[in-house]
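Keep in mind that the numbers below use all heavy atoms, side chains included, and drop hydrogens, waters and symmetry copies.
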Amino acid sequence: MENKIDNIKDAPAPWTLTGQVAYLLIHGSRAVQDSFNENPDPVISPFRGGLGGLMLVRYTDSPVGPYDELILVPGCYQFGDKTYYRISQIYVSSLDSVINGRRNWNVPKKLATFRWNDDNTHVKIFLPDQTEPFCTIRVQPRLYCLPIGTGLVPEIFRTLLQPPLEETEDKNAYFKIVPSCSGWFRPIVRLLEFQTDGKEIPSHEQIPLYTYGVGYEAFTLLFPKAELTLH
């Protein structure tokens with residue numbers, strides 16, 4: 001493992017990524033979702049709930065090459081007199097992405113293996129060296145895509161505030177990020193199957209996913225340099 005980390009590509013922010021597909025599945029709020037959080041901070045930044053999302057992405061290119069990604073955003077967290085969204089769990093198929101994501105943005109990336117079907121609508125996600133998937137997702141894209149960017153979405157709904165991780169030296173350093181995306185927006189994606197082991201990410205009973213979400217295809221994502229925010 002040490003040799004692998006020694007060979008990690010250094011890829012500082014900002015990142016420009018291109019992707020094949022991205023699916024955003026919206027869910028309601030339950031307090032149990034905050035337990036799926038690598039480094040919770042209930043005193044400085046408590047969980048406030050609200051709508052959250054589960055996002056599944058296939059990147060065809062990035063500063064660390066192509067990789068796949070599963071993201072859990074439980075909802076909003078209080079910080080001072082404002083609330084922000086937060087990525088509490090995230091799994092990627094690239095160790096380069098794990099190390100750089102944690103270093104650049106305090107995003108708690110972990111390594112996983114993604115096995116997709118041919119049309120990118122069905123995926124099984126495995127922890128390293130495991131034979132059974134901890135998550136299975138199957139979707140059905142509906143209707144036509146439209147060329148739309150996230151500039152139409154208010155910044156408050158795109159802003160993330162990531163707390164310091166265990167390895168972060170400055171435990172007062174929160175990282176604020178405002179990603180932006182452009183590409184072909186799909187207004188309806190139907191969720192056909194969602195199964196988890198309830199250990200890595202919430203189970204269907206713990207995370208009330210709505211039947212329909214949205215998607216992007218042939219997109220470009222800009223993940224900027226984080227803005228240091230001290231409490």
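- Hydrophobic clustering (side-chain heavy atoms under 4.5 Å, transitive across Ile, Leu, Val, Met, Phe, Trp, Tyr) groups V92 together with L24.
- Atom CD1 of I156 sits in a sparse spot, with 12 or fewer heavy atoms from other residues, nucleotides or ligands closer than 6.0 Å.
- Once rounded to the nearest 0.5 Å, the distance linking OG1 of T159 with OH of Y85 reads 10.0 Å.
- Between the side chain of N104 and the backbone N or O of A11, at least one donor-acceptor pair lies under 3.5 Å.
- In summary, the aromatic rings of Y174 and F79 are positioned with their centroids under 6.0 Å apart.
- Going from atom CD of Q140 over to atom CD1 of I188 covers 10.5 Å, rounded to the nearest 0.5 Å.
- Of the possible polar contacts, none joining the Q130 side chain to the L127 backbone as a donor-acceptor pair under 3.5 Å is found.
- Smallest separation of non-hydrogen atoms from A173 and N106: O-ND2, 3.3 Å.
- A continuous path of Ile, Leu, Val, Met, Phe, Trp and Tyr side chains, each step under 4.5 Å between heavy atoms, connects L25 with F194, placing both in one hydrophobic cluster.
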> Given the rule in the side-chain contact (heavy atoms from CB on, under 4.5 Å) test, do T83 and Y77 qualify, once you have shown the distances and angles that lead to the verdict?
Replying inline: CA-CA 5 Å; T83 57; Y77 289 78; over 6 Å; no
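- Note: the hydrophobic cluster containing L51 does not contain L54 (ILVMFWY, side chain heavy atoms under 4.5 Å, direct or indirect links).
- Counting heavy atoms from C-beta on, the side chains of L191 and L209 come closer than 4.5 Å.
- Heavy atoms only, all atoms of each residue included: K9 and N100 are closest at O-ND2, 2.7 Å.
- Listed for the H27 side chain is no donor-acceptor partner under 3.5 Å among the backbone atoms of G75.
- Side-chain contact between V123 and R138: absent, with no pair of heavy atoms (C-beta onward) separated by less than 4.5 Å.
- Criterion: ILVMFWY side-chain heavy atoms under 4.5 Å apart, direct or through other members. Under it, I148 and F157 are part of a common hydrophobic cluster.
- The shortest side-chain heavy-atom distance between I177 and P179 falls under the 4.5 Å cut-off.
- Within 6.0 Å of the NZ atom in K110, the count of heavy atoms belonging to other residues, nucleotides or ligands exceeds 12.
- Remark: the T18 side chain and the T220 side chain contain no N/O donor-acceptor pair separated by less than 3.5 Å.
- Note that CD1 of I87 is 4.5 Å distant from CD1 of I71, once rounded to the nearest 0.5 Å.
- Connection of F47 to I207 is not established within any shared hydrophobic cluster, with ILVMFWY side chains joined at heavy-atom distances below 4.5 Å, either directly or through further cluster members.
- Taking CD from E69 and OG from S97, the interatomic distance works out to 6.0 Å, rounded to the nearest 0.5 Å.
- Put simply, the side chain of D96 never gets that close to the backbone of I8: no donor and acceptor are under 3.5 Å apart.
- Under a 3.5 Å cut-off, the side chain of Q78 and the backbone N or O of G80 do form a donor-acceptor pair.
- Across L111 and P128, no two heavy atoms sit closer than the pair O-CD, 3.3 Å.
- Nearest heavy-atom pair across L221 and S180 is CD1-O, 3.2 Å.
- The minimum heavy-atom distance between Y23 and T121, with the atom names listed, is OH-CG2, 4.1 Å.
- Using a distance-only test at 3.5 Å, with no hydrogens or angles considered, no donor-acceptor pair links the side chain of S93 to the main chain of A112.
- Within a 6.0 Å radius of NZ in K82, other residues, nucleotides and ligands contribute 12 heavy atoms or fewer.
- For an aromatic pair to be called close, the ring centres must be under 6.0 Å apart, and F223 with W105 satisfies this.
- Of the options Q162, E166, E167, a side-chain hydrogen bond (donor to acceptor under 3.5 Å, both in side chains) to R102 is made by E167 and by none of the others.
- Summarising the geometry, atom OH belonging to Y91 is positioned 14.0 Å from atom CG belonging to L56; distances are rounded to the nearest 0.5 Å.
- A cation-pi arrangement, defined by a distance under 6.0 Å to the six-membered ring centre and an angle within 45 degrees of its axis, is present between R115 and F126.
- Note: L17 CG to D61 CG = 8.0 Å, rounded to the nearest 0.5 Å.
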> Passes salt bridge (charged side-chain N to carboxylate O under 4.0 Å, His left out), D68 versus R58? Steps please.
Replying inline: CA-CA 5 Å; D68 303 320; R58 298 212 78 179; 2.9 Å; yes
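- The shortest distance between side-chain heavy atoms of P12 and W15 does not fall below 4.5 Å.
- Side chains of L70 and I137 form a contact here, defined as non-hydrogen atoms less than 4.5 Å apart.
- Between the side chain of S62 and the backbone N or O of G65 there is at least one donor-acceptor pair closer than 3.5 Å.
- Counting only distance, with no hydrogens or angles, the side chain of T196 and the backbone of G198 share a donor-acceptor pair below 3.5 Å.
- Under the ring-ring contact (aromatic ring centres under 6.0 Å, His included) criterion, F219 pairs with no residue, sequence neighbours left out.
- Using a 4.5 Å heavy-atom threshold, the side chains of I90 and P108 count as touching.
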> Passes ring pair (Phe, Tyr, Trp, His ring centres under 6.0 Å), Y216 versus F185? Steps please.
Replying inline: CA-CA 5 Å; Y216 255 108; F185 175 75; 5.6 Å; yes
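- Side chains of I125 and E200 form no contact here, defined as non-hydrogen atoms less than 4.5 Å apart.
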> Can Q206 and H204 be said to form a side-chain contact (heavy atoms from CB on, under 4.5 Å), step by step?
Replying inline: CA-CA 5 Å; Q206 296 166 321; H204 184 70; over 6 Å; no
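- When all heavy atoms of L143 and P187 are compared, the closest pair comes out as CD1-CG, 4.3 Å.
- Note on ring orientation: taking the six-membered ring where Trp is involved, the planes of Y67 and Y59 are tilted (angle from 30° to 60°).
- Using a 4.5 Å heavy-atom cutoff, the side chains of F114 and V57 are not in contact.
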